[in-house]
Structure formats: structure tokens, C-alpha cells
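Read the structure below first, then the notes.
FYI, the numbering just counts along the sequence from 1. This structure is a prediction, so every number in the text was calculated from the model and none was measured. Values reported hereafter were calculated over all heavy atoms of this structure, with side chains retained and with hydrogens, waters and symmetry mates removed.
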Amino acid sequence: VQLQASGGGSVQAGDSLRLSCAASGLPFSPYAMAWFRQAPGKEREFVAGMRWINGNVGTYYLDSVKGRFTISGNNVDNTLYLQMNNLKPEDTAVYHCGAVLRVRPIASSMRTASIYDYWGQGTQVTVSS
């Protein structure tokens with residue numbers, strides 16, 4: 001199993017980036033995928049996620065990124081994207097994508113890193129002021 005994240009870079013405040021995550025080798029389609037980020041000295045933080053349950057799609061965001069970030073993707077080809085606009089220095093972190101396969105997550109659990117079964121290595125996003 002491999003989750004390959006890409007698209008990070010060094011940008012100025014106000015710029016945009018688009019992150020991509022491609023999952024391969026999964027035994028079946030995930031119930032959810034999400035982006036988390038981790039800044040130096042801080043815990044891994046939920047950024048945005050998608051949940052596919054019974055034909056319904058739910059999207060979830062960290063409050064501080066609502067209106068600036070947009071998540072998209074699907075659990076057919078197991079890809080996930082994060083369009084990040086109006087980036088701020090506080091968005092600086094390593095961004096990881098994760099996938100949930102073992103359980104059908106409830107909405108409130110999407111922000112919990114421990115429910116994710118597989119993780120990618122991450123892509124660095126650095127935003128200068």
C-alpha cells in the first residue's frame with residue numbers, strides 16, 4: 001500500500017498550491033480520505049477530509065481553512081486533492097494524506113488521526129510572509 005502526496009512547495013502569503021494524493025495497492029476502496037498537517041513541534045492536525053458512505057459524500061474542514069481550501073477526490077481511483085488558496089504563514093507544515101478502510105467513520109471521528117489506517121510520507125508546504 002502506498003499513498004503518494006505531491007504538490008507542496010515554498011510560496012508567498014496569498015499564493016495558491018494544489019496538493020495531490022494517489023493511493024495504490026489498497027485492498028478495497030476507502031471509506032474516507034483526508035489531509036492532515038504537522039508543523040515542527042506540533043501534533044498532527046486535521047485539515048480537510050472526504051467520507052464516502054452509502055453513496056453519499058461528505059466533506060469536512062478545519063475552521064481556519066474554510067473558504068480558502070477545497071478538498072476533492074473520489075474512492076474509485078483513490079485520489080485526493082487539496083486546492084489551497086490565500087495561503088498564510090500559519091499553513092506552513094508537512095501535509096499528509098490518510099485513508100480509512102477498517103471502519104465506516106462517523107462524521108465526528110474524521111478529525112481523529114488514529115482512525116486512519118494508511119498514511120503517505122507527506123509533502124512540505126512553506127508559506128513566507
Atom [atom1] of [X] and atom [atom2] of [Y]: how far apart are they, to the nearest 0.5 Å?
{"X": "Cys21", "Y": "Tyr95", "atom1": "SG", "atom2": "OH", "result": "14.5 Å"}
{"X": "Met84", "Y": "Arg37", "atom1": "CE", "atom2": "CZ", "result": "9.0 Å"}
{"X": "Thr79", "Y": "Asn74", "atom1": "OG1", "atom2": "CG", "result": "4.5 Å"}
{"X": "Arg18", "Y": "Phe69", "atom1": "CZ", "atom2": "CZ", "result": "14.0 Å"}
{"X": "Arg104", "Y": "Ser109", "atom1": "CZ", "atom2": "OG", "result": "13.0 Å"}
{"X": "Thr70", "Y": "Tyr81", "atom1": "OG1", "atom2": "OH", "result": "14.5 Å"}

Checklist entry - Looking at Lys66 and Asp63, does any basic side-chain N land under 4.0 Å from a carboxylate oxygen? => result yes
Using modelled atom types and a 3.5 Å cut-off, is there a donor and acceptor pairing between side-chain atoms of [X] and backbone atoms of [Y]?
{"X": "Asn75", "Y": "Pro30", "result": "yes"}
{"X": "Asp117", "Y": "Val100", "result": "no"}
{"X": "Arg111", "Y": "Ala107", "result": "no"}

Would a single hydrophobic cluster contain both [Y] and [X], if residues Ile, Leu, Val, Met, Phe, Trp and Tyr are joined by side-chain heavy-atom contacts under 4.5 Å?
{"X": "Leu19", "Y": "Val47", "value": "yes"}
{"X": "Phe28", "Y": "Leu26", "value": "yes"}
{"X": "Val1", "Y": "Leu101", "value": "yes"}
{"X": "Phe46", "Y": "Val103", "value": "yes"}

Heavy-atom side-chain contact between [X] and [Y] under 4.5 Å:
{"X": "Thr126", "Y": "Val11", "value": "no"}
{"X": "Thr92", "Y": "Val125", "value": "no"}
{"X": "Val94", "Y": "His96", "value": "yes"}

Checklist outcome for this item: By salt bridge (Lys or Arg N to Asp or Glu O under 4.0 Å), Asp77 pairs with (sequence neighbours left out) none
Checklist entry - Is the CD atom of Gln121 crowded by more than 12 outside heavy atoms at less than 6.0 Å? => result no
Item to check | Pairing residues for Ala48 by the side chain to side chain contact (heavy atoms under 4.5 Å, CB included) criterion, not counting sequence neighbours | outcome: Tyr61, Ile71, Leu82
Next on the checklist: Going by side chain to side chain contact (heavy atoms under 4.5 Å, CB included), name the residues that satisfy it together with Val57, two or more places apart in sequence or in a different chain.
Outcome noted: Met50, Trp52
Heavy-atom closest pair, residues [X] and [Y]:
{"X": "Gln83", "Y": "Ser16", "result": "NE2-CB, 3.9 Å"}
{"X": "Pro105", "Y": "Tyr31", "result": "CD-CB, 3.6 Å"}
{"X": "Met33", "Y": "Ala23", "result": "CE-CB, 4.3 Å"}
{"X": "Ala39", "Y": "Ala93", "result": "N-CB, 3.9 Å"}
{"X": "Tyr116", "Y": "Ala34", "result": "OH-CB, 3.3 Å"}

Checklist entry - If we ignore angles and hydrogens, is there a donor and acceptor under 3.5 Å between the side chains of Arg51 and Tyr60? => result yes
Next on the checklist: Can a side-chain donor-acceptor contact be found between Gln4 and Ser6 if the only test is distance below 3.5 angstrom?
Outcome noted: no
Item to check | Val127 vs Gln12, side-chain contact (heavy atoms from CB on, under 4.5 Å): CA-CA, chis, key distance, verdict | outcome: CA-CA 5 Å; Val127 185; Gln12 298 289 317; over 6 Å; no
Checklist entry - Below 6.0 angstrom between ring centroids: does that apply to Trp119 and Phe36? => result yes
